[in-house]
**Q** 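A single structure is presented below for examination.
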Amino acid sequence: MYLWVGAVFDSNAENEIRSIANKLNENYNLSTVAFSLPQHISLKISFDCVDYKGVIDFIKGKLSAFSPFEVKINDVTKIDGSLIWLEIEENETLRKMHNLLNSSLLKKFGIPLKSFDGNEFKFHTTIFFDSNINEKHQALICDFKKQFILPEKYVIKDIKFAISQNLTAGKFEVIDEIVLD
């Protein structure tokens, strides 16, 4: 079973981001599979685990000590030819959460870091994930920037957990959460 852990935007922020993305998608016709999970910042690359309920309980114990925190969106970027995402400015809370998950999950459950985990991990929220993204979609990024004024700040109060039988986008199901207070 694969487990995903994400810091989730509130519904107003999600609606704002997705409204612009969906409107633009009418012209660019990209997959909306990125919208199968709540609008979020992944706190670690999704990983395989057997006892996902035990792992979720463990993570909840670690992350529930955090308070709500602010994130700032700095830019819209195309990554690796198949992703368009909103770059999140790294902050102390995001980095602490990411590093805590990496070290504690490795120590307690033997869950290794993936190639994108660690100090090079880039915080982001995906707006499009599609094999059809190509050079013409630089125009989509420009159009998005015209409608979504950057930088933009949001408060994160929710951490959600989802599982999937495989790592296929769109196949994750949210099953648990913690609300930071």
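All residue numbers in this chain count up from 1 along the given sequence. Since the model is a prediction, treat every value here as computed from it, not as a measurement.
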**Q** For Ser64 and Gly61, which heavy atoms make the closest approach, and how far apart are they?
**A**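 Looking at all heavy atoms of both residues, the shortest contact is OG-O, 3.5 Å.
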
**Q** Check whether Phe35 and Ile73 end up in the same hydrophobic cluster, where Ile, Leu, Val, Met, Phe, Trp and Tyr are linked by side-chain heavy atoms less than 4.5 Å apart.
**A**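 Hydrophobic grouping puts Phe35 apart from Ile73.
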
**Q** Any donor-acceptor pair under 3.5 Å linking the side chain of Ser42 with the backbone of Lys44?
**A**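 Answer holds: no.
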
**Q** Do other residues, nucleotides or ligands put more than 12 heavy atoms under 6.0 Å from Lys157 NZ?
**A**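 Not buried by this count: 12 neighbours or fewer within 6.0 Å.
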
**Q** With heavy-atom distances below 4.5 Å as the criterion, would you say the side chains of Phe161 and Lys60 are in contact?
**A**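 Yes, close enough: below the 4.5 Å cut-off.
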
**Q** Please check if the side chain of His40 supplies one atom and the backbone of Phe9 the other of a donor-acceptor pair under 3.5 Å.
**A**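 Not at all, since once roles are kept as given, no pair shorter than 3.5 Å links the two residues.
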
**Q** A quick test of your reading: do over 12 heavy atoms of other residues, nucleotides or ligands sit less than 6.0 Å from NZ of Lys53?
**A**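 Not more than 12 within 6.0 Å, no.
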
**Q** With a cut-off of 6.0 Å (strictly less than), are more than 12 heavy atoms of other residues, nucleotides or ligands near CG of Asp181?
**A**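 At most 12 heavy atoms, drawn from other residues, nucleotides or ligands, come within 6.0 Å of this atom.
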
**Q** Given side chains that start at C-beta, do those of Thr126 and Gln39 come closer than 4.5 Å, heavy atoms only?
**A**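 No, side chains not in contact.
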
**Q** Flag the pair Val50 / Met1 as yes when at least one side-chain heavy-atom distance between them is below 4.5 Å, and no otherwise.
**A**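 They are not in contact (no side-chain heavy atoms under 4.5 Å apart), so the answer is no.
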
**Q** Where is the tightest heavy-atom contact between Ser104 and Lys62, given as atom of each residue plus distance?
**A**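 In this case the closest contact between Ser104 and Lys62 is CB-CE, 4.0 Å.
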
**Q** Please tell me if the side chains of Phe123 and Glu89 come closer than 4.5 Å, counting only heavy atoms from C-beta onward.
**A**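 They are not in side-chain contact.
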
**Q** Let me check something: do Leu101 and Ile175 share a hydrophobic cluster, defined by ILVMFWY side-chain heavy atoms less than 4.5 Å apart, either directly or through other members?
**A**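 Yes, Leu101 and Ile175 fall within the same hydrophobic cluster.
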
**Q** Would you check if the side chain of Asn91 reaches a backbone N or O of Glu70 as a donor-acceptor pair within less than 3.5 Å?
**A**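 Confirmed, Asn91 side chain pairs with Glu70 backbone.
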
**Q** Is there a side-chain contact (heavy atoms from CB on, under 4.5 Å) between Phe172 and Ile163? Walk through the geometry before answering.
**A** CA-CA 5 Å; Phe172 280 83; Ile163 56 170; 5.6 Å; no

**Q** Measuring only between side-chain heavy atoms, which start at C-beta, is Glu14 closer than 4.5 Å to Pro38?
**A**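 They are in side-chain contact.
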
**Q** Are Ile45 and Trp4 packed together at the side-chain level, in the sense that at least one heavy-atom pair is separated by less than 4.5 angstrom?
**A**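 No, too far: nothing below the 4.5 Å cut-off.
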
**Q** Within this structure, what is the CG-CG distance for the pair Leu106 and Asp117, rounded to the nearest 0.5 Å?
**A**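 Result: 10.5 Å between the selected atoms.
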
**Q** For the atom pair OG1 (Thr77) and CG (Leu86), what is the distance rounded to the nearest 0.5 Å?
**A**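 One gets 8.5 Å once the value is rounded to the nearest 0.5 Å.
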
**Q** Can you confirm if the aromatic rings of Tyr28 and His137 lie within a centre distance of less than 6.0 Å?
**A**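 Yes, ring centres under 6.0 Å apart.
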
**Q** Quick one: does any side-chain atom of Asn22 pair with a main-chain N or O of Arg18 as donor and acceptor, under 3.5 Å?
**A**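 Yes: the side chain of Asn22 pairs with the backbone of Arg18.
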
**Q** Apply side-chain contact (heavy atoms from CB on, under 4.5 Å) to residues Lys122 and Phe116 and explain how you reach the verdict.
**A** CA-CA 8 Å; Lys122 302 291 184 206; Phe116 297 106; over 6 Å; no

**Q** Nearest 0.5 Å, what's the CZ-OG distance between Phe148 and Ser19?
**A**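 Answer rounded to 0.5 Å: 11.0 Å.
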
**Q** Determine, step by step, whether Ile159 and Met97 satisfy the side-chain contact (heavy atoms from CB on, under 4.5 Å) criterion, reporting the C-alpha distance in whole Å, the side-chain angles of both residues, the deciding distance to 0.1 Å, and the verdict.
**A** CA-CA 11 Å; Ile159 308 293; Met97 287 179 164; 4.2 Å; yes

**Q** Do the non-hydrogen side-chain atoms of Phe109 and Phe58 ever get within less than 4.5 Å of each other?
**A**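 They are in contact (side-chain heavy atoms under 4.5 Å apart), so the answer is yes.
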
**Q** Given the rule that I, L, V, M, F, W and Y join up when any side-chain heavy atoms are under 4.5 Å apart, are Leu180 and Leu100 in one cluster?
**A**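 Yes, same cluster.
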
**Q** With a 4.5 Å cut-off on side-chain heavy atoms, are Leu3 and Ile59 touching?
**A**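 Yes - at least one pair of side-chain heavy atoms lies under 4.5 Å apart.
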
**Q** If hydrophobic clusters are built by linking Ile, Leu, Val, Met, Phe, Trp and Tyr wherever their side-chain heavy atoms come under 4.5 Å apart, do Leu63 and Val155 end up in the same one?
**A**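 No.
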
**Q** Which atom pair, heavy atoms only, marks the closest approach of Gln147 to Ile20?
**A**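 Closest approach of Gln147 to Ile20: O-CD1, 3.5 Å.
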
**Q** Check each of Asn74, Ile156, Val71 against Ile88 using the side-chain contact (heavy atoms from CB on, under 4.5 Å) test, and report the only one that passes.
**A**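 Running side-chain contact (heavy atoms from CB on, under 4.5 Å) over Asn74, Ile156, Val71 with Ile88 returns exactly one hit, Val71.
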
**Q** Is the side chain of Asp75 donor-acceptor paired with the backbone N or O of Glu87 at a distance under 3.5 Å, no angle test?
**A**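 No, the answer is negative, given that no donor and acceptor are paired below the 3.5 Å cut-off.
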
**Q** Mind checking whether Ile84 and Leu150 sit in one hydrophobic cluster, side chains of I, L, V, M, F, W, Y counted as touching below 4.5 Å?
**A**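 In one cluster: yes.
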
**Q** Applying side-chain contact (heavy atoms from CB on, under 4.5 Å) to Phe128 and Asn25, what does each step give before you reach the verdict?
**A** CA-CA 9 Å; Phe128 293 108; Asn25 199 32; 4.0 Å; yes

**Q** Are the side chain of Lys114 and the backbone of Ser46 linked by a donor-acceptor contact shorter than 3.5 Å?
**A**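 Looks like yes, one N/O pair under 3.5 Å.
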
